[in-house]
2 protein chains.
Amino acid sequence: MTTRPPRPRERGIPEATVARLPVYLRALQALQDRGTATVSSEALAGAAGVNSAKLRKDLSHLGSYGTRGVGYEVEYLIYQISRELGLTQDWSVAIVGIGNLGRALANYGGFGTRGFRIAALLDADPEVVGRSVASLDVRHIDSLEEVVRTKGVSIGVIATPAGSAQGVASRFVEAGVTSILNFAPVVLNVPDGVDVRKVDLSIELQILAFHAQRRADGDGQTHRSGLEVT
Amino acid sequence: MTTRPPRPRERGIPEATVARLPVYLRALQALQDRGTATVSSEALAGAAGVNSAKLRKDLSHLGSYGTRGVGYEVEYLIYQISRELGLTQDWSVAIVGIGNLGRALANYGGFGTRGFRIAALLDADPEVVGRSVASLDVRHIDSLEEVVRTKGVSIGVIATPAGSAQGVASRFVEAGVTSILNFAPVVLNVPDGVDVRKVDLSIELQILAFHAQRRADGDGQTHRSGLEVT
DNA sequence: CCCACTTTGTGCGTGCTTTCACAAGCACGT
DNA sequence: ACGTGCTTGTGAAAGCACGCACAAAGTGGG
């Protein structure tokens with residue numbers, strides 16, 4: 001554990017920064033589509049909805065890719081962020097649970113920024129298995145392990161009902177998948193080394209309700225100015 | 001400061017805590033369904049996937065609802081958290097954009113924990129308008145203002161393509177909606193006092209990719225133990 | 001060649017979050 | 001009535017994250 005010869009590499013990008021990089025990336029791509037070649041931190045921050053100092057600090061974690069007095073070259077920055085996020089390689093994704101949500105995900109054109117390829121759609125319902133969704137045949141959940149192996153799936157997406165989610169997660173893990181995106185409203189139990197992210201509609205609604213109630217409560221003159229406007 | 005007559009009230013619950021309350025709530029409801037009457041912070045924290053000290057501190061912001069040596073009474077705690085989150089009143093929700101995602105949301109049974117009522121589904125596509133989804137008629141987007149007014153909509157959900165999202169958001173705001181849940185991959189621009197939350201599939205995938213790449217990079221023996229296992 | 005102007009990169013203070021560790025409190029058995 | 005054992009609630013410490021404000025660095029005009 002001594003050598004790190006060709007690597008003045010950045011050690012550990014803060015989690016909060018990582019979460020914002022995709023937002024910057026999207027804003028940059030919009031700028032590129034509009035033909036913009038160069039952008040200042042101020043302008044990009046505006047487009048991404050963040051403070052410009054924060055943006056500069058975030059970018060500084062990747063390296064010094066700006067030019068003082070000028071700004072950032074859009075194309076170059078897109079490349080650097082993409083590389084940092086690992087989007088220069090292809091990620092193979094399997095989606096389990098082809099209900100409305102699964103279909104919505106399967107059809108999510110281009111899958112945001114490219115880099116993600118849907119390798120397989122799986123479901124347990126015989127009614128759904130065999131159908132074609134987004135130009136892919138829905139396969140039976142029993143072939144999960146085989147699909148992961150043959151298609152080199154590295155990211156598993158769970159869009160099943162809550163009751164089936166843990167089982168699917170365990171099978172993913174068992175099959176060697178170490179990145180899971182979970183849409184089911186349950187806390188998944190996975191071993192260390194497996195990365196689970198959760199997307200949960202009802203939690204978001206409840207947070208909104210909390211703030212709405214708070215606004216309604218204190219309504220009189222104590223209006224609250226600084227609301228999160230992500 | 002001697003008096004605190006009718007208000008041992010909590011002032012300002014930390015945002016991080018608010019974001020976790022729905023998770024606790026769900027875990028508690030699962031316990032209740034299983035017939036559990038009482039739970040310790042340790043056990044509940046386990047079910048919610050957090051540290052028990054964190055859980056206790058979170059709950060302490062609501063008040064002292066536990067009994068030392070025993071734990072928390074499940075039913076009572078459910079009530080307290082629900083009240084704090086504003087789930088004891090009904091929230092009227094309108095969903096705009098009835099594609100696959102919109103349909104998935106509309107069918108999201110019970111809408112997590114009750115408290116949320118889908119008041120209307122709206123879309124711009126004449127092909128979709130008039131159809132019945134989840135026992136509701138899809139109405140044309142032009143009636144947004146009327147629907148908000150007559151149905152008392154307080155939360156707007158945007159499930160449209162990126163291009164239409166800002167327009168819809170502005171109309172919501174104009175109509176008086178101050179809570180918005182946005183599924184479209186764009187940064188919404190709204191005035192102060194409007195609360196926007198964002199749910200973004202491709203951002204989550206990119207974050208997963210980042211961590212996966214990082215694991216692959218440093219793979220040798222420098223394995224990283226402390227991964228987020230939300 | 002130098003000066004005025006612009007914009008990046010970052011040191012620093014501030015406030016929020018998490019975690020530890022323990023005193024205070026309650027139940028129950030004797 | 002009292003001691004034992006368990007669990008809560010919280011002070012204090014450490015770690016992150018944010019945003020200000022400014023020095024450093026580059027551009028372009030005269």
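What you are looking at is a predicted structure, and each value in this text was computed from that prediction instead of being measured. Proteins come first, then strands; the chains are lettered A, B, ... in the order of their sequence lines, and each starts at number 1.
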Q: Quick one: do the Gln166(A) and Ser170(A) side chains pair a donor with an acceptor below 3.5 Å?
A: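 Result is yes, a qualifying pair exists.
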
Q: Could you tell me whether the phosphate oxygens of dA17(D), OP1 or OP2, come under 4.0 Å of any side-chain nitrogen or oxygen in Asn51(A)?
A: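 For Asn51(A), the contact criterion (side-chain N or O under 4.0 Å from OP1 or OP2 of dA17(D)) is not met.
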
Q: What is the distance, rounded to the nearest whole Å, between atom CZ of Arg56(A) and atom C1' of dC18(D)?
A: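 My rounded result for the distance is 13 Å.
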
Q: Give a yes or no on whether a salt bridge exists between Asp195(B) and Arg214(A), defined as a side-chain N under 4.0 angstrom from a carboxylate O.
A: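 A salt bridge is absent here (no side-chain N lies under 4.0 Å from a carboxylate O).
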
Q: Among dA17(D), dT10(C), dT18(C), which nucleotide sits nearest the side chain of Ser60(A)?
A: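 For the Ser60(A) side chain, the nearest candidate turns out to be dT10(C).
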
Q: Measure from CD on Glu73(B) to C1' on dT7(D) and round the result to the nearest Å.
A: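 Nearest whole value for this atom pair: 16 Å.
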
Q: Could you state the atom-to-atom distance from CG of Leu55(A) to P of dT7(C) in whole Å?
A: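 Value for this atom pair: 14 Å.
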
Q: Nearest whole Å is fine: how far is dA27(C) P from Arg68(B) CZ?
A: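 Nearest whole value for this atom pair: 12 Å.
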
Q: Could you give the CG-to-C1' distance, from Leu59(B) to dT18(C), as a whole number of Å?
A: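 Whole-Å distance recorded here is 15 Å.
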
Q: Between Arg20(A) and dC18(D), does any side-chain N or O lie under 4.0 Å from OP1 or OP2?
A: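 It does, given that an N or O in the side chain of Arg20(A) lies less than 4.0 Å from OP1 or OP2 of dC18(D).
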
Q: Within the pair Tyr72(A) and dG26(D), is there a side-chain N or O less than 4.0 Å away from OP1 or OP2?
A: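 Negative; the distance criterion is not met.
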
Q: Surrounding CD of Glu75(A) (heavy atoms of other residues, nucleotides or ligands, distance under 6.0 Å), is the total greater than 12?
A: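 Not buried by this count: 12 neighbours or fewer within 6.0 Å.
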
Q: Within the side chain of Arg20(B), is there an N or O that forms a donor-acceptor pair under 3.5 Å with the backbone of Lys54(B)?
A: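 Not at all, since once roles are kept as given, no pair shorter than 3.5 Å links the two residues.
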
Q: How close or far is atom C1' of dC18(D) from atom CG of Asp58(A), stated in whole angstroms?
A: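 Value for this atom pair: 10 Å.
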
Q: Ignoring backbone atoms, test whether Ser40(A) places a side-chain nitrogen or oxygen under 4.0 Å from the OP1 or OP2 oxygen of dT7(C).
A: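 No, Ser40(A) has no side-chain N/O under 4.0 Å of OP1/OP2 on dT7(C).
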
Q: To the nearest angstrom, how far is His61(A) atom NE2 from dG11(C) atom P?
A: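 My rounded result for the distance is 11 Å.
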
Q: So, OP1 or OP2 of dT7(D): does either fall under 4.0 Å of a side-chain N or O from Ser41(B)?
A: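 False: Ser41(B) side-chain N/O out of range (4.0 Å or more) of dT7(D) OP1/OP2.
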
Q: How about Glu42(B): does its CD atom have over 12 heavy atoms from other parts shown lying under 6.0 Å from it?
A: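 It does not: Glu42(B) CD has 12 such atoms or fewer within range.
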
Q: Which residue, Gly71(B) or Lys57(B), contacts DNA chain D at a nucleotide closer to its 5' end, judged by nearest heavy atom?
A: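 Here Gly71(B) is the residue nearer the 5' end.
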
Q: Rounded to the nearest Å, what distance is computed from the CG atom of residue Leu62(A) to the C1' atom of nucleotide dT8(C)?
A: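 Value for this atom pair: 14 Å.
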
Q: Is there a side-chain polar atom (N or O) of Lys54(A) under 4.0 Å from OP1 or OP2 of dG19(D)?
A: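 Answer is yes, contact under 4.0 Å.
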
Q: For Ala53(A), answer base if it contacts any base atom (sugar-phosphate contacts may also be present), sugar-phosphate if it contacts only those atoms, and nothing otherwise; contact means non-hydrogen atoms under 4.0 Å.
A: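 Answer is base: heavy atoms of Ala53(A) come under 4.0 Å of a base.
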
